[in-house]
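Reckoned from all heavy atoms, side chains included, excluding hydrogens, waters and symmetry mates. First the proteins, then the strands, lettered A, B, ... as listed; each starts at 1. If you're wondering where the values come from, they're calculated on a predicted model, not measured in any experiment.
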Amino acid sequence: MSAPKRYTVTAALPYANGPVHIGHLAGCYLPADIYVRYLRQNEKDVKFICGSDEHGVAIIMKAKAEGVSPQEIVDKYNGIMQQAFEGFGISFDIYSRTSKEIHHKTASDFFLKLYEKGAFTEKETEQYYDPEAEQFLADRYIEGECPNCHFPDAYGDQCENCGTSLSPTDLINPRSRLSGAKPERRKTKHWFLPLDHLSGRIKSFIQSHKDWKPNVYGQCMSWLDDSGGLQARSMTRDLDWGIKVPLPDAEGKVLYVWFDAPIGYISATKELMGDDWETWWKDEDTALIHFIGKDNIVFHCIIFPAMLMEHGEFILPDQVPANEFLNLEGKKISTSRNWAVWLHEYLQDFPDQQDVLRYALCAAAPETKDNDFTWKDFQTRNNSELVAIYGNFVNRVLVLMQKYYNGTVPQPAAFSETDQELLQLLADAPANIGQSLDQYRFREALSAYIQLARSGNKYLADEEPWKLVKTDPERTQTILYVATQVCAALAQLGEPFLPFTSARLRSFLHLDLMSWEACKRKEFIPAGSQLEKGELLFQKIEDDKVQTQLDKLKRNPTQNNPSQKLIPLKEEITFDDFTKLDIRTGTILAAEPVPKTDKLLKLTVDIGVETRTIVSGIAEHFKPEDIIGQQVSVLANLAPKKLRGVESKGMVLMAENAEGKLVFAQPSDTMENGSVVR
RNA sequence: GGCGAGGUAGCUCAGGCGGUUAGAGCGCAGGAUUCAUAACCCUGAGGUCAUGGGUUCAAUUCCCAUCCUCGCUACCA
């Protein structure tokens with residue numbers, strides 16, 4: 001699109017079941033905010049849209065865990081998140097909530113419109129139903145034994161112990177998390193959005209956006225080429241928390257949270273703009289830009305556009321600048337393990353230092369690949385860049401101004417070549433930084449910005465006004481006039497990145513915020529202007545502060561020893577139950593990998609009475625050649641099962657610890673094959 | 001296993017539609033300086049651009065294969 005008339009910029013709606021951490025900020029909200037502030041300073045017509053995503057099963061579960069209502073949960077986290085965003089100066093034009101009336105209406109209207117257009121196919125499927133609670137159970141509502149690691153409390157969508165993705169029907173002895181009752185399978189009707197007939201349009205839509213970042217474009221194409229086309233997706237759920245399906249025969253059903261959430265962008269715009277909202281979503285001259293993390297790419301680039309296409313009236317996203325993930329001290333950020341830096345806690349631990357984190361996260365943003373955040377790096381960014389380069393430069397100028405001229409900007413004489421070059425650098429800076437921002441290259445933009453302060457420091461070092469002041473007052477005046485202009489440029493162009501600092505610096509210089517275009521100049525502050533004494537813009541961060549943060553992270557008990565999470569004992573069985581198992585000793589005669597799998601080995605095992613083939617998921621732990629001749633214990637009377645086309649008869653018994661390490665459960669001394677284990 | 005993204009100085013990253021000595025910041029070493037939060041400024045050391053082949057007069061940049069990391073996906077009797 002060439003020169004859009006306006007911009008609708010969205011940042012992913014954060015899910016209201018927990019607070020926001022630095023990964024969210026670095027991946028989504030900070031770049032979005034920098035971009036939006038930049039657009040605003042360019043006097044573009046822009047709306048920055050966000051809000052809490054407050055529906056879905058995870059919130060119900062969270063409420064259940066804390067013994068409160070879902071409403072209380074979302075109220076609580078909505079408050080925490082909103083404050084955190086505000087604290088960091090994330091300048092949303094509106095921060096709404098999907099629990100609001102206006103969103104319920106918008107989302108149901110959207111659904112109805114698709115319904116009336118015949119976009120959905122109704123399908124009956126079998127789902128687990130809790131006869132005591134009298135409701136259908138979402139995947140997360142069902143727990144049972146994990147078929148993989150035999151953890152007894154695996155959920156219907158995933159086993160928390162071994163991380164395997166599951167479907168509820170995989171669980172052994174499933175039970176309802178609501179009542180504990182044994183769920184039964186019942187038929188239920190849902191509305192599916194078939195995507196196959198759109199795949200052509202979606203593909204050409206994606207292909208028309210080769211300008212998207214490689215990670216975004218690549219993942220979309222991969223998804224489209226994958227799995228034999230796009231599968232129909234159910235857009236409704238049997239649940240009582242969410243937006244009621246607006247159809248007569250849909251009692252007890254709500255819209256799937258992934259259906260309603262992106263519509264939240266639209267509802268929030270309505271809430272903000274009233275009747276004008278349509279311009280921001282339907283006018284071809286509007287650029288729609290979604291800032292998200294990489295986990296959201298497929299949804300924002302394919303599913304949501306497909307919904308918009310089906311509806312027919314909406315524009316499609318122009319850009320989806322998704323970032324990769326931010327790690328913390330070398331490990332993946334994990335909410336459940338509390339391995340995170342929470343924004344609301346940072347604001348308490350580092351009061352009035354929001355810009356430091358903004359700076360550190362922007363400078364190390366995971367733009368092209370996952371990146372690691374360390375407190376050490378944070379400290380270095382602060383001490384040797386913000387303090388030593390930026391803060392120091394400004395301080396030097398303000399101190400000299402005060403010393404020599406009582407803060408009144410002096411009249412410059414003729415400019416030397418060096419002066420001219422530096423002033424030209426200022427005049428070029430907006431275009432230079434802007435070019436990076438236009439391409440969503442935030443690290444590069446920030447580095448170009450801080451380069452101004454570096455140039456200022458070099459200028460002072462080269463010109464040495466503190467020497468010249470004794471011999472050449474006129475030249476000194478010129479130098480400090482020029483240096484003052486550099487400070488002013490920093491104050492103006494820093495607004496997108498470091499809004500708090502920029503505002504403070506402008507107040508020292510008695511400047512109002514200028515437009516980006518107006519900053520393409522050499523003089524920001526004319527001679528004769530009065531400056532404040534000012535104060536230091538940044539404080540050094542000492543080692544003990546960093547150590548405190550590291551200790552705080554490592555003190556976390558669940559993080560320290562995840563291996564202590566032993567699986568609880570199973571319920572008692574009878575001796576008869578035990579005698580049903582026929583466990584024999586055997587010897588592995590041959591082993592080879594099963595083609596096209598990572599984990600499976602095809603074993604030939606002599607169990608005395610016969611030699612048989614057993615497929616075992618141990619390929620990641622053992623090389624085939626190393627286990628030939630290995631004596632093992634085999635569960636011999638397990639029903640045969642075909643795995644990846646190979647018939648497996650029996651199971652090789654292994655001991656596994658919490659970290660997933662496997663060892664053979666074998667006789668302590670060599671025994672004849674076929675010996676009974678009991 | 002399939003698909004996608006990435007593998008470039010000690011660290012964090014740029015770059016390259018093939019072409020003289022491959023860049024930045026931090027860190028490190030040396031120097032200079034004192035206006036400044038022992039900060040700034042200058043100089044320097046440091047890279048077989050993952051590995052192995054191929055195309056080419058020429059590859060780190062293109063092609064193929066392999067290895068490693070991350071994500072999605074298949075799979076764990």
Next item on the list: Could you tell me whether Lys369(A) contacts a base, only the sugar-phosphate backbone, or nothing, with contacts defined as non-hydrogen atoms closer than 4.0 Å?
Entry: sugar-phosphate
Checklist line | Comparing Thr380(A) and Arg443(A) on RNA chain B - which has the more 5′ nearest nucleotide | finding: Arg443(A)
Next item on the list: Would you tell me if any nitrogen or oxygen in the side chain of Lys540(A) comes within less than 4.0 Å of OP1 or OP2 on rA39(B)?
Entry: yes
Notebook entry, point to check: Does any nucleotide pair with rU48(B) by Watson-Crick or G-U wobble geometry, both distances under 3.5 Å, and what is it?
Noted result: none
Margin query: When both hydrogen-bonding distances must be under 3.5 Å and the geometry is Watson-Crick or G-U wobble, what is rA24(B) paired with, if anything?
Written below: rU12(B)
Notebook entry, point to check: Looking at Phe325(A), is Lys294(A) sitting on its ring face, NZ or CZ under 6.0 Å from the six-membered ring centre and within 45 degrees of the normal?
Noted result: yes
Item checked: Counterpart base for rC3(B), defined by Watson-Crick or G-U wobble contacts under 3.5 Å -> rG71(B)
Next item on the list: Provide the Watson-Crick or G-U wobble partner of rU37(B), both distances under 3.5 Å; none if there is no partner.
Entry: none
Notebook entry, point to check: How is Asn395(A) classified with respect to the nucleic acid when contacts are heavy atoms under 4.0 Å: base, sugar-phosphate, or nothing?
Noted result: sugar-phosphate
Next item on the list: Go through the side-chain N and O atoms of Asp606(A) and Thr587(A) and say whether any donor and acceptor fall under 3.5 Å apart.
Entry: no
Check: Is the shortest side-chain N to carboxylate O distance from Asp355(A) to Arg504(A) below 4.0 Å?
Finding: no
Margin query: Could you tell me the Watson-Crick or G-U partner of rC62(B), where both distances fall under 3.5 Å? Say none if there is no partner.
Written below: rG54(B)
Next item on the list: With the side chain of Glu385(A) defined as its heavy atoms from C-beta on, choose the nearest nucleotide among rA39(B), rG6(B), rC26(B).
Entry: rC26(B)
Check: Are Lys458(A) and rC42(B) close enough that a side-chain N or O sits under 4.0 Å from OP1 or OP2?
Finding: yes
Notebook entry, point to check: OP1 or OP2 of rC41(B) less than 4.0 angstrom from a side-chain nitrogen or oxygen of Arg396(A), does that happen here?
Noted result: no
Notebook entry, point to check: Looking at the side chain of Thr368(A), which of rU37(B), rU34(B), rC13(B) is the nearest nucleotide?
Noted result: rC13(B)
Checklist line | Residue whose closest nucleotide on RNA chain B lies nearer the 5' end, Leu537(A) versus Ala453(A) | finding: Leu537(A)
Checklist line | Listed nucleotide nearest any side-chain atom of Trp466(A), set rC76(B), rU34(B), rC13(B) | finding: rU34(B)
Item checked: Contact under 4.0 Å: Lys403(A) side-chain N or O vs rA36(B) OP1/OP2 -> yes
Next item on the list: Determine, for Lys545(A) against Asp543(A), whether the closest basic-nitrogen to carboxylate-oxygen distance falls under 4.0 angstrom.
Entry: no
Next item on the list: Under 4.0 Å between any heavy atoms, over every strand shown, what does Val387(A) touch: base, sugar-phosphate, or nothing? Just pick one.
Entry: base
Notebook entry, point to check: Between rC26(B), rU37(B), rG15(B), which one does the side chain of Arg441(A) approach most closely?
Noted result: rG15(B)
Margin query: Under a 3.5 Å cutoff, is there a donor and acceptor pairing between the side chains of Asn323(A) and Glu367(A)?
Written below: no
